[in-house]
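Numbers restart at 1 for each chain; the letters A, B, ... are given by sequence-line order, proteins then strands. Only this structure's heavy atoms are used, side chains among them; waters, hydrogens and symmetry mates stay out.
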2 protein chains.
Amino acid sequence: MTKARKAILKTLENVEEPISASELAKRLGDFCDPATVYRNLHYLEKNNLATSFILHCSEHGTERYYSSKEGNEHHHWFHCEQCHRFIDLGGCFYAEQVRQFEEKHAFTVHDHTFYLTGICQRCKQKLGL
Amino acid sequence: MTKARKAILKTLENVEEPISASELAKRLGDFCDPATVYRNLHYLEKNNLATSFILHCSEHGTERYYSSKEGNEHHHWFHCEQCHRFIDLGGCFYAEQVRQFEEKHAFTVHDHTFYLTGICQRCKQKLGL
DNA sequence: CAATATTTGCAAGTCATTTGCAAATAAAAG
DNA sequence: CTTTTATTTGCAAATGACTTGCAAATATTG
């Protein structure tokens with residue numbers, strides 16, 4: 001494991017929300033090149049040390065968000081369109097459903113994506129909603 | 001409604017799978033400019049005539065896929081990583097669950113995304129899996 | 001420590017999507 | 001059905017996330 005790899009993985013582990021590659025690159029600053037961040041995120045995901053999903057938001061555009069896989073439990077998230085933070089919806093609750101779909105359609109599922117977007121409690125209050 | 005708008009909506013209605021903006025632009029050919037396709041897809045989505053989600057696949061990269069909203073029932077999809085077709089998983093089955101999340105976390109959900117990726121039955125056979 | 005394999009930084013691509021602007025078309029007004 | 005006003009379009013240039021070629025730097029092997 002190279003030092004860039006370690007630093008990226010450590011950052012993923014220390015952060016409590018999914019984080020985008022560009023945000024990660026920003027946090028690592030001169031520690032390593034953005035290209036290295038992208039390459040290592042692919043490496044980590046391929047080696048089952050991280051997972052990601054793509055999400056579009058008005059402020060950051062379309063980006064891929066990464067989380068470490070240390071907890072080993074797949075989580076799903078709510079994304080606030082106002083403050084752009086993520087709220088953890090808890091461990092994955094789709095394993096059984098996915099299995100049923102596999103049975104019904106005879107396909108093999110490699111991955112599933114689920115997330116919610118909207119406005120969080122705090123932002124609703126701020127906006128008087 | 002302009003003629004470009006009508007043509008795009010009609011194409012969305014005639015196609016049975018979600019279709020990407022670039023594929024739509026290709027099908028419309030010289031009928032209108034790609035920029036017009038993008039602008040009108042935004043228009044249609046804003047006016048509740050279409051929905052979309054973002055998905056990454058090895059062959060087409062990261063793209064947004066659109067469906068008309070005529071049937072008025074929100075559908076979810078499986079995407080085959082081999083033949084790159086979509087399989088309809090049926091009408092949305094998350095309304096109740098989303099409501100429970102809203103209650104539990106006191107946020108307001110504007111949208112939810114769910115899809116599966118993997119290998120379809122036909123491709124499994126072709127590949128001898 | 002030498003030999004080999006992998007990773008990195010840098011700079012230059014890619015590619016979906018967006019945007020400015022002037023011309024063309026649609027909708028509203030008369 | 002013209003005129004006026006508002007919206008949309010095509011074109012070309014820009015944006016921004018992400019990728020890639022290549023030679024130098026760092027890891028890993030023996």
Outermost nucleotides of DNA chain C that come under 4.0 Å of a non-hydrogen atom of chain B: C:dA16 to C:dA27
Over all atoms of both residues, closest heavy-atom pair of B:Phe78 and B:Thr117: CE1-C, 3.9 Å
Base versus backbone protein contacts along nucleotides 25-30 of chain D [heavy-atom cut-off under 4.0 Å; B, S, -]: ---S--
Rounded distance (Å) that lies between atom P of D:dT15 and atom CD of A:Glu63: 17 Å
Backbone of B:Leu89 reached by a side-chain donor or acceptor of A:Lys104 within 3.5 Å: no
Touch class at under 4.0 angstrom, heavy-atom based, for A:Thr62 against every strand present: sugar-phosphate
Strand contacts (DNA chain D) in residues 29-38 of chain A, 4.0 angstrom heavy-atom criterion: A:Ala35, A:Tyr38
Partners meeting side chain to side chain donor-acceptor pair (under 3.5 Å) with A:Thr2 (sequence neighbours left out): none
B:Leu49 backbone acceptor or donor facing B:Asn47 side chain under 3.5 Å: no
From CD (A:Glu63) to OG (A:Ser22), nearest 0.5 Å: 3.5 Å
Side-chain donor/acceptor of B:Glu102 to backbone N/O of B:Val109, under 3.5 Å: yes
ring-ring contact (aromatic ring centres under 6.0 Å, His included) between A:Tyr94 and A:Phe114, intermediate numbers included: CA-CA 9 Å; A:Tyr94 292 118; A:Phe114 176 86; 5.0 Å; yes
Sidechain N-carboxylate O distance under 4.0 Å for A:Glu13, A:Lys10: no
Apart from B:Phe53 itself, residues in the same hydrophobic cluster as defined by side-chain heavy atoms under 4.5 Å: B:Leu55, B:Tyr65, B:Trp77, B:Phe86, B:Tyr115
Side-chain donor/acceptor of B:Glu59 to backbone N/O of B:His84, under 3.5 Å: no
Verdict with reasoning, A:Glu103 to A:Arg99, per salt bridge (charged side-chain N to carboxylate O under 4.0 Å, His left out): CA-CA 6 Å; A:Glu103 218 169 273; A:Arg99 191 139 21 86; over 6 Å; no
Joint hydrophobic cluster, A:Ile87 plus A:Ile19, side-chain heavy atoms closer than 4.5 Å: no
Within residues 39-57 of chain B, residues whose heavy atoms come under 4.0 Å of DNA chain D: B:Arg39, B:Asn40
Nearest-0.5 Å distance, CG of residue B:Asn40 to CD1 of residue B:Ile8: 4.5 Å
